[in-house]
Amino acid sequence: MKFKLIAPIAALAATTALVTFSGPAAADAHTEAATPALEDVLAHERRDDDRARDEHRNPAETLAFFGVEPTMTVAEYGPGGGWYTRVLAPYLMPAGQYVAFNQDSEGRAYRTRAQEARSKAWTETFKNGIAEGMGVDADDVMAFETDEMPEGVAGTVDRVLIFRSMHGLNIGNSADAVLKAARIMLTDDGMVGVVQHRAPEGASYDDYGARQRGYMRKADVVAIFEANGFELAAESEVNANASDPANWERGVWTLPPVLATGEDDARRSEYLAIGESDRMTLLFRKAD
């Protein structure tokens, strides 16, 4: 694992869709909780359709860098299709706590009424999806929007994880609200782990900040966190991809898994050979 410490870290060692699971329940709610091994979670049959992306998303190395342990309380922002949820929920729920949270659905603009209805039903849909797949009660799944944080959550979360979502928060002017909620949730020594598509060296803000390409400059991500009371603690190259020039006209969605230019694009084999995007992996802590 390659990472760089920005400052000493005592704790370091330590659009929404239905999340679907398949296969046997990950834990028996009526037996004593046991801490699962991450390698067993990653090898489980529920991830048979997900595993091909492991080489690009490096879940074991990424979670190790973020210092995630199975007894922790960990909150995932905007789980979406649930790729990381199918790792985190089975890993954490037996002995720790998995939390999902999303931005306030009332404060967003929608293209269609159907999109609005899906967004506003997110909490129930998400909880029911996990409950069905893991054989647990939906009431035992914690999921909420930032304006409806349950009593007792403040100051209890060890890690907040934000995977490939900062560009959407930035372009939608939602980053401040989400990071404010994250800071409230976190313990005093809690940290925020971020994986984000990375803009090329020397990229201009006009091309990679004001314009939605999916990629962001590291300096802009750090600035957003600093404005919300965080500081960069460490960074890793575990999700780097030097083969991605990150300058696609159609943005990050040109590459897998989206492949937005379609099957007839003559360069499709090139995109597949490159794989998923070049990503920065950053760890933030509360600033004094």
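What you see is a predicted model; the values in this text were computed from it and never measured.
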Report whether Val74 and Leu38 are members of the same hydrophobic cluster (ILVMFWY, side-chain heavy atoms less than 4.5 Å apart, transitive linking).
yes

Within the supplied structure, the quantity of interest is the number of heavy atoms (other residues, nucleotides, ligands) at a distance under 6.0 Å from Asp147 CG; does it exceed 12?
yes

In terms of the angle between their ring planes, are Tyr271 and Trp248 parallel, tilted or perpendicular, with boundaries placed at 30° and 60°?
perpendicular

Rounded to the nearest 0.5 Å, what separates atom CD in Glu237 from atom OG1 in Thr281?
7.5 Å

Working for side chain to side chain contact (heavy atoms under 4.5 Å, CB included), residues Leu169 and Gln103:
CA-CA 9 Å; Leu169 292 174; Gln103 59 185 285; 3.9 Å; yes

With rounding to the nearest 0.5 angstrom, report the CD1 to CG distance, Ile130 to Asp140.
11.5 Å

Main-chain N/O of Arg46 paired to Arg86 side chain as donor or acceptor, under 3.5 Å:
no

Side-chain heavy atoms nearer than 4.5 Å, only ILVMFWY residues, links allowed to pass through others: does that put Leu232 and Met216 together?
yes

Same apolar cluster: Tyr77 and Ile184, side chain cutoff 4.5 Å:
yes

Heavy-atom check, side chain of Tyr215 versus side chain of Asn247, under 4.5 Å:
no

For Lys127 and Thr123, run side chain to side chain contact (heavy atoms under 4.5 Å, CB included): C-alpha distance rounded to whole Å, both residues' side-chain angles, the deciding distance at 0.1 Å, then the answer.
CA-CA 6 Å; Lys127 292 172 70 169; Thr123 302; 3.9 Å; yes

Ignoring hydrogens, what is the shortest heavy-atom contact between Pro70 and Tyr91? Give both atom names and the distance.
CD-OH, 3.1 Å

Salt bridge (Lys or Arg N to Asp or Glu O under 4.0 Å) with Glu276: which of Arg57, Arg164, Arg198?
Arg57

Does any part of the side chain of Glu231, heavy atoms only, come nearer than 4.5 Å to the side chain of Arg285, both counted from C-beta?
yes

Hydrophobic cluster membership, Val258 vs Leu255, 4.5 Å side-chain cutoff
yes

Side chains of His44 and Pro90, heavy atoms from C-beta outward: is any pair under 4.5 Å?
no

Decide yes or no for Val153 and Thr73: does some side-chain heavy atom of the first lie under 4.5 Å from some side-chain heavy atom of the second?
no

When rounded to the nearest 0.5 angstrom, what distance separates CZ in Arg279 from NE2 in His56?
8.5 Å

Starting at CD1 of Ile224, measure out to CE of Met166 and round the result to the nearest 0.5 Å.
4.5 Å

Beyond-backbone contact of Asp158 with Glu69, side-chain heavy atoms, under 4.5 angstrom:
no

Just wondering, do Asp50 and Val87 contact through their side chains at under 4.5 Å, heavy atoms?
no

Charged N-O contact under 4.0 Å between Arg211 and Glu249
yes

With rounding to the nearest 0.5 angstrom, report the CZ to OG1 distance, Arg118 to Thr112.
6.0 Å

Would you tell me whether His167 and Gln196 have side-chain atoms, one donor and one acceptor, within less than 3.5 Å of each other?
yes

Ala287 versus Arg183, closest heavy-atom pair with distance
O-NH2, 3.6 Å

Nearest heavy atoms of Asn241 and Gly275, plus distance in Å
ND2-C, 4.3 Å

Between Glu39 (side chain) and Val41 (backbone), is there a donor-acceptor pair under 3.5 Å?
no

If hydrophobic clusters are built by linking Ile, Leu, Val, Met, Phe, Trp and Tyr wherever their side-chain heavy atoms come under 4.5 Å apart, do Met72 and Val141 end up in the same one?
yes

Here's a test for you: under side chain to side chain contact (heavy atoms under 4.5 Å, CB included), which of Glu76, Met185, Met142, Met149 qualifies with Phe101?
Met185

When the ring planes of Phe163 and Tyr84 are compared, do they come out parallel, tilted or perpendicular, using 30° and 60° as the limits?
parallel

Side chains of Asn228 and Val178 in contact at under 4.5 Å (non-hydrogen atoms):
no

Any salt bridge between Asp48 and Arg51, counting N to O under 4.0 Å?
yes

Shortest non-hydrogen contact from Leu42 to Pro59?
CD2-CG, 3.8 Å

List the steps and the verdict of side chain to side chain contact (heavy atoms under 4.5 Å, CB included) for Arg267 and Thr254.
CA-CA 10 Å; Arg267 300 181 67 185; Thr254 303; over 6 Å; no

Neighbour count above 12 (heavy atom, 6.0 Å) for Asp137 CG:
yes

Residues Thr85 and Pro79: closest non-hydrogen pair is OG1-CB, 3.3 Å

Do the side chains of Leu88 and Leu161 get nearer than 4.5 Å, heavy atoms only?
yes

Note: Val221 and Phe284 closest approach over all heavy atoms is CG1-CZ, 4.3 Å

If you measure from NZ on Lys120 to CG on Asp104, what distance do you get to the nearest 0.5 Å?
9.0 Å

Full working for side chain to side chain contact (heavy atoms under 4.5 Å, CB included) between Phe66 and Val195
CA-CA 10 Å; Phe66 289 153; Val195 177; 4.0 Å; yes

Arg217/Asp220 ion pair, N-O < 4.0 Å
yes

